[in-house]
Amino acid sequence: MKPFRYARADDVTGAVALLAGSPNGAFLGGGTNLVDLMKLDVATPDLLVDVRRLTSDQVEELPGGGIRIGAATPNSELAAHPLVRGRYPVLSQSLLSGASGQLRNLATAGGNLLQRTRCVYFQNVTTPCNKRDPGTGCSAIDGYHRELAILGTSSECVATHPSDFAVALAALDATVHTEGPAGARRIPMAELHRLPDGEPHRDTVLAHGELITAIEVPALSFGTRSRYRKVRDRASYAFALVSVAAAVDVADGTVRDVRIALGGVAHKPWRATRAEELLRGGPAREDRFRAAAEAELAQARPLPGNAFKVPLARNTLTRTLLDLVDGPA
Ligand SMILES: Cc1cc2nc3c(=O)[nH]c(=O)nc-3n(C[C@H](O)[C@H](O)[C@H](O)COP(=O)(O)OP(=O)(O)OC[C@H]3O[C@@H](n4cnc5c(N)ncnc54)[C@H](O)[C@@H]3O)c2cc1C
Ligand code: SF4
């Protein structure tokens with residue numbers, strides 16, 4: 001591992017200033033992803049600025065019924081919080097489906113959103129990878145890509161974003177609050193992560209030194225009827241092959257409103273807007289759920305090794321909606 005300096009700042013402004021003056025520095029949350037990548041020489045920061053004590057580590061209720069999650073809130077505390085479990089089961093389920101109990105105790109809400117892809121070539125410095133080393137090529141497209149993307153891919157990168165939490169936040173129309181060298185920003189969750197076109201090395205729209213301070217989740221009247229379903233190679237401690245975060249408002253057999261995001265299929269959490277549009281106002285029936293899923297996945301461009309994800313995503317989305325409609329409100 002390359003030598004690095006460790007620093008703490010007194011406040012958010014100080015932390016942002018420290019990184020602004022250090023082009024190769026990085027913020028340190030729980031370190032559960034960043035330190036692993038440093039051990040592999042994939043990440044080689046010369047300065048780590050510890051941000052765990054700078055932002056809130058609490059969940060607060062907002063006046064309109066939403067919640068505000070401090071960026072330093074540990075994943076385990078967030079998943080167990082009564083407001084999260086009560087109002088947004090999909091959020092709690094997404095967090096509990098990720099990593100292990102020990103990792104969730106250390107991992108922070110902010111760090112979770114910015115974890116890097118699990119593409120095996122990204123993690124192996126001896127292989128070409130446009131994300132790790134821009135311009136060297138993509139080893140996955142003609143190589144091993146079973147876990148990688150089917151939607152929004154480019155000829156430069158087919159990586160998937162690995163966070164389960166981010167998928168649930170995308171479905172819930174959350175907003176990410178940041179503080180950076182250019183001031184404060186509020187970024188809709190759907191716009192935080194990018195598709196790989198043009199700049200596959202950039203996972204998000206954040207600037208260097210831009211700190212996530214909080215995440216706000218707006219009130220959702222049917223948030224209680226929400227679910228996260230994750231399909232993976234083993235029952236725990238594995239990343240999603242495909243996941244679905246969904247919330248449905250059903251009355252008299254009609255879908256009044258719906259929110260859907262897919263995970264494990266793209267370089268970012270994939271908000272299924274085509275499926276949502278087809279479902280709104282229509283009957284809450286299996287054939288309609290399947291047709292909506294097929295419409296969303298019509299834009300998929302799978303590779304030979306991950307074509308199985310297209311029917312898997314269709315079936316997982318259909319099953320999740322059926323469970324929500326059939327289950328208790
Ligand atoms: C074996 C294993 C299995 C896992 N399985 C899953 C899984 O199934 N699903 C899942 O979703 N996750 C999984 N994870 C990933 C885990 O959830 C992440 O490692 C964790 O959430 C990252 O949080 P952290 O606070 O430790 O981030 P760090 O490792 O500290 O940081 C991650 C990145 O975020 C940046 N950063 C940290 N905080 C901030 C901030 N506030 N503002 C701006 N930048 C910041 C860092 O600079 C770094 O680039 C797994 C991890 C491991 C090791
Ligand atoms: S898919 Fe992306 S991360 Fe993986 S090898 Fe290709 S460029 Fe690198």
Novice: For a 4.5 angstrom cut-off between non-hydrogen side-chain atoms, does L303 reach I141?
Specialist: yes

Novice: Would you call R87 and E61 a salt bridge, using N to O less than 4.0 angstrom?
Specialist: yes

Novice: What pair of heavy atoms forms the shortest contact from S139 to P128, and how long is it?
Specialist: OG-O, 2.6 Å

Novice: Does some side-chain heavy atom of T73 sit less than 4.5 Å from a side-chain heavy atom of H81?
Specialist: no

Novice: Give a yes or no on whether the backbone of A79 and the side-chain of S92 come within a donor-acceptor separation of less than 3.5 Å.
Specialist: yes

Novice: According to a hydrophobic-cluster definition based on side-chain heavy atoms being under 4.5 Å apart (Ile, Leu, Val, Met, Phe, Trp, Tyr only), do F289 and V231 belong together?
Specialist: yes

Novice: Are E276 and R280 within salt-bridge range, i.e. N to O under 4.0 Å?
Specialist: yes

Novice: Ignoring hydrogens and angles, tell me if any N or O in the side chain of K309 forms a donor-acceptor pair with the backbone of L241 under 3.5 Å.
Specialist: yes

Novice: Can you get from L211 to I187 by hopping between Ile, Leu, Val, Met, Phe, Trp and Tyr side chains that sit under 4.5 Å apart?
Specialist: no

Novice: Could you tell me if the side chain of I212 sits less than 4.5 Å from the side chain of L206, heavy atoms only?
Specialist: yes

Novice: Contact between F165 and N75 at the side-chain level, heavy atoms closer than 4.5 Å - yes or no?
Specialist: no

Novice: Given L78, which of I215, L95, L83 fulfils the side chain to side chain contact (heavy atoms under 4.5 Å, CB included) condition?
Specialist: L95

Novice: Supply the atom-to-atom distance Y6 OH to L47 CG, rounded to the nearest 0.5 angstrom.
Specialist: 11.0 Å

Novice: Under 4.5 Å between any side-chain heavy atoms of R118 and E147, yes or no?
Specialist: no

Novice: Look up atom CG in L48 and atom CG in L18, then write down how far apart they are to the nearest 0.5 Å.
Specialist: 11.5 Å

Novice: Where do L28 and R8 land on the side-chain contact (heavy atoms from CB on, under 4.5 Å) test, with the steps shown first?
Specialist: CA-CA 10 Å; L28 177 70; R8 279 192 186 152; over 6 Å; no

Novice: Tell me, with the steps shown, if L91 and R85 meet side-chain contact (heavy atoms from CB on, under 4.5 Å).
Specialist: CA-CA 8 Å; L91 264 193; R85 291 179 56 179; over 6 Å; no

Novice: If you count heavy atoms of other groups shown closer than 6.0 angstrom to CG of D10, is the number above 12?
Specialist: no

Novice: Any side-chain to backbone donor/acceptor pair from T55 onto A72? Under 3.5 Å, distance only.
Specialist: yes

Novice: Let me check something: do L297 and L148 share a hydrophobic cluster, defined by ILVMFWY side-chain heavy atoms less than 4.5 Å apart, either directly or through other members?
Specialist: no

Novice: Which pair of non-hydrogen atoms, one from H193 and one from H267, has the smallest distance, and what is that distance?
Specialist: CB-O, 4.5 Å

Novice: Are any non-hydrogen side-chain atoms of N24 and F4 less than 4.5 angstrom apart?
Specialist: no

Novice: Is the side chain of Q115 donor-acceptor paired with the backbone N or O of N112 at a distance under 3.5 Å, no angle test?
Specialist: yes

Novice: Tell me whether L312 shares a hydrophobic cluster with W270, the cluster being built from Ile, Leu, Val, Met, Phe, Trp, Tyr side chains joined at under 4.5 Å.
Specialist: yes

Novice: Given V244, which of L262, L321, V167 fulfils the side chain to side chain contact (heavy atoms under 4.5 Å, CB included) condition?
Specialist: L262

Novice: What pair of heavy atoms forms the shortest contact from P181 to V16, and how long is it?
Specialist: N-CG1, 3.5 Å

Novice: Can you tell if the side chain of L113 reaches within under 4.5 Å of the side chain of T204, non-hydrogen atoms only?
Specialist: no

Novice: Any side-chain heavy atom of E179 within less than 4.5 Å of one from T13?
Specialist: no

Novice: Restricting to non-hydrogen atoms, name the atom on R146 and the atom on N306 that form the minimum distance, rounded to 0.1 Å.
Specialist: O-CB, 3.4 Å

Novice: Would a distance-only check, ignoring hydrogens and angles, find a side-chain to backbone donor-acceptor pair under 3.5 Å from R132 to T127?
Specialist: yes

Novice: Can you see whether E210 engages T178 through a side-chain donor-acceptor pair at a distance of less than 3.5 angstrom?
Specialist: yes

Novice: Give the minimum heavy-atom separation between D197 and S154, together with the two atoms involved.
Specialist: OD1-CB, 3.1 Å

Novice: I'd like to know if the side chain of T32 and the backbone of A107 have a donor-acceptor N/O pair within less than 3.5 Å.
Specialist: no

Novice: How far does CG of L151 sit from OG1 of T153, to the nearest 0.5 angstrom?
Specialist: 8.0 Å

Novice: Do Y228 and S243 have side-chain atoms, one donor and one acceptor, less than 3.5 Å apart?
Specialist: yes

Novice: Distance from F222 atom CZ to D257 atom CG, nearest 0.5 Å?
Specialist: 4.0 Å

Novice: Give me the one residue out of K268, K131, R194 that meets side-chain hydrogen bond (donor to acceptor under 3.5 Å, both in side chains) with D203.
Specialist: K131

Novice: Any ion pair linking D57 and R52 (charged N to carboxylate O, less than 4.0 Å)?
Specialist: no

Novice: Without swapping roles, check the side chain of H145 against the backbone of A140 for a donor-acceptor pair under 3.5 Å.
Specialist: yes

Novice: Just by modelled atom types, is the Y121 backbone N or O under 3.5 Å from a matching donor or acceptor in the Y144 side chain?
Specialist: no

Novice: Of the non-hydrogen atoms in S94 and A168, which two are nearest, and what is the gap between them?
Specialist: OG-CB, 3.6 Å

Novice: Using side-chain contact (heavy atoms from CB on, under 4.5 Å), reason through R301 and V158 one step at a time and then give a plain yes or no.
Specialist: CA-CA 10 Å; R301 283 181 290 169; V158 291; over 6 Å; no

Novice: Please report the interatomic distance CG(L324) to CZ(R227), rounded to the nearest 0.5 Å.
Specialist: 6.0 Å

Novice: Using atom types as modelled and distance alone, determine if a side-chain donor or acceptor of Q299 lies under 3.5 Å from a backbone N or O of E296.
Specialist: yes

Novice: Looking at R104 and G98, would you say the former's side chain and the latter's main chain have a donor-acceptor pair under 3.5 Å?
Specialist: yes

Novice: For T136 and N130: C-alpha separation, side-chain torsions, deciding distance, then whether side-chain contact (heavy atoms from CB on, under 4.5 Å) applies.
Specialist: CA-CA 5 Å; T136 54; N130 284 326; 4.3 Å; yes

Novice: What I want to find out is whether R68 reaches E216 closely enough, with some N-O distance under 4.0 Å, to be called a salt bridge.
Specialist: yes

Novice: State the CD-CD1 distance between Q58 and I67, to the nearest 0.5 angstrom.
Specialist: 12.5 Å

Novice: Decide, yes or no, whether a salt bridge links D164 with R232 under the criterion of side-chain N to carboxylate O below 4.0 Å.
Specialist: no

Novice: If you group Ile, Leu, Val, Met, Phe, Trp and Tyr by side-chain heavy-atom gaps below 4.5 Å, do L106 and L34 land in one group?
Specialist: no

